[in-house]
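Below: one structure in structure tokens.
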Amino acid sequence: MTESAISQPVSGPSSPLDLFGDEVLADPYPAYAELRALGPAVYAERLNAWVLSRYDSVKAALLDPETFSSVNGLHLNPEGNQWVTAGSVLAADGLEHARLRRVLSKQLAPRAIRDLADSLRARADELVVSLADRDSFDAVADLAAPYVTGVILELMGLPHVDGSGLVKQVESVFDTFAAPNPRVYAGLPAAQAMFEFLQTVATRDNVSPDSWLGAAHAAADRGEIAEIECVMTMAAYTTAGMDTTIHAIATAVQMLTSDREQWELVRDGKVPYEALFGETLRYEAPIQGFGRRVMRETTVGDATIPEGAQVWLMFGSSGRDEAKWGADADVFDVRRPDVADHLALGFGTHLCAGNHLALMEFDAVFGALARHFPGLAPDPAAPPTRVLNNVLRIWDRVNVLTRP
């Protein structure tokens, strides 16, 4: 496909909104509502791409990879598509996607993740107990980041590797998915640094044979994937599974400490952790969107999208669509029904392979917080702050008090 098709006259609603501008990134939800009001597909002039903002249109696109392809389409810029995700499981469809996803299918199966429950809970309990002598802590730097990074590195087979720099590298990788802007090009070197880090430490001699990386190397030995695809596989799962879970945990902490009633419902077991997990992802999708390439002319609502055009699937907007979630879609409520319907982790063949792990991490972290810090509350002396990212909703800090 060439990009010449995108220059054809636009047939459908259009908008001058820049979804990746600082003002929108600081609070994207008013812009999302504006786009949803225009239609299920809107041509975003500043992005040179179509945006799908309604729940139904995003879900339909996720279920139709033959029309909305991940191949050469995840990023709204050619450099990202060619240099960052090309050849990875994230940027593949059909049989190729199935081949690459099969590498870790056993390790990420629900039964395998359930077998990790005790170790995940023990790790969370140890970390939370280590914070017990403090009056306050940062739910990002002191809790979510070290917990999730430690879990991922251990599962990768690199428990003794210092992964402290990975979090920022992964954040920068997500910047590369947007339409061209300074954050995109600042993020490209970080993507290269992450690949180099994995190539350096993820060697056969340095990983456990029963780990994710061990499984990838074994698949290469069997001829199921190429040797270079071992690193690409780990890069994909690191990108998808690290910062997303970190900032989802931080969001849940921030929302629960802002509403004592909801924290007590979760703390006292009156609302299951699955409900907290689903509502957090619905309310604030950690990954706000991903791109796709249109493989054949298609119609979405009043819009005719030409072959070769790019679309941006707006997971963050789909979670606030009143047509799906009701008039209170902008309200965080752990009692909301049907939160498992959210699209924050994808859907269909591209449903996040690590979704069961992320849920188990939520269970472990919030179970430990409930046991050790029943009076968890916001820290009025240090309001939560964010970092702007083209794609991720990132918390810089979420300070909380351990005692009321």
| query | D93 and S69: side-chain donor and acceptor closer than 3.5 Å? | reply |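 Judged by distance alone, the side chains do pair up.
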| request: Kindly assign one of parallel, tilted or perpendicular to the pair H350 and H97, based on the angle between their ring planes and the thresholds 30° and 60°. | output: tilted
| said: Check whether Y283 forms a cation-pi arrangement with R320 (NZ or CZ under 6.0 Å from the six-membered ring centre, at most 45° off the ring normal). | reply: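 Yes, R320 lies over the aromatic ring of Y283.
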| field | side chain to side chain contact (heavy atoms under 4.5 Å, CB included) against R204, all qualifying residues, sequence neighbours excluded | value |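 If we apply the side chain to side chain contact (heavy atoms under 4.5 Å, CB included) test to R204, skipping adjacent residues, the hits are H217, A220, D221, E227.
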| Can you pull the side chain to side chain donor-acceptor pair (under 3.5 Å) pairs that have at least one residue in residues 137-149, sequence neighbours excluded? |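 Checked against side chain to side chain donor-acceptor pair (under 3.5 Å) - neighbours excluded - the pairs reaching residues 137-149 are R134-D142.
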| said: For R403, I'd like to know if atom CZ has over 12 heavy atoms of other residues, nucleotides or ligands within 6.0 Å. | reply: yes
| message | Using ring-ring contact (aromatic ring centres under 6.0 Å, His included), reason through F277 and F362 one step at a time and then give a plain yes or no. | response | CA-CA 7 Å; F277 181 68; F362 251 68; 5.1 Å; yes
| task | Using side chain to side chain contact (heavy atoms under 4.5 Å, CB included) as the criterion, list what pairs up with D328, not counting sequence neighbours. | result |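 Expected list: V331, R336.
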Show me the side-chain donor-acceptor pairs of residues 23-30 shorter than 3.5 Å, one per line, residues at least two apart or across chains.
| unit_1 | atom_1 | unit_2 | atom_2 | d |
| --- | --- | --- | --- | --- |
| Y29 | OH | E284 | OE1 | 2.6 |

| note | residues 350-368 vs salt bridge (charged side-chain N to carboxylate O under 4.0 Å, His left out), sequence neighbours excluded, gives R121-D363
| task | Using the test side-chain hydrogen bond (donor to acceptor under 3.5 Å, both in side chains), find all partners of T67 that sit at least two apart in sequence or belong to another chain. | result | D64, R296
| request: Determine yes or no for a side-chain-to-main-chain donor-acceptor pair under 3.5 angstrom, with R183 supplying the side chain and D175 the backbone. | output: no
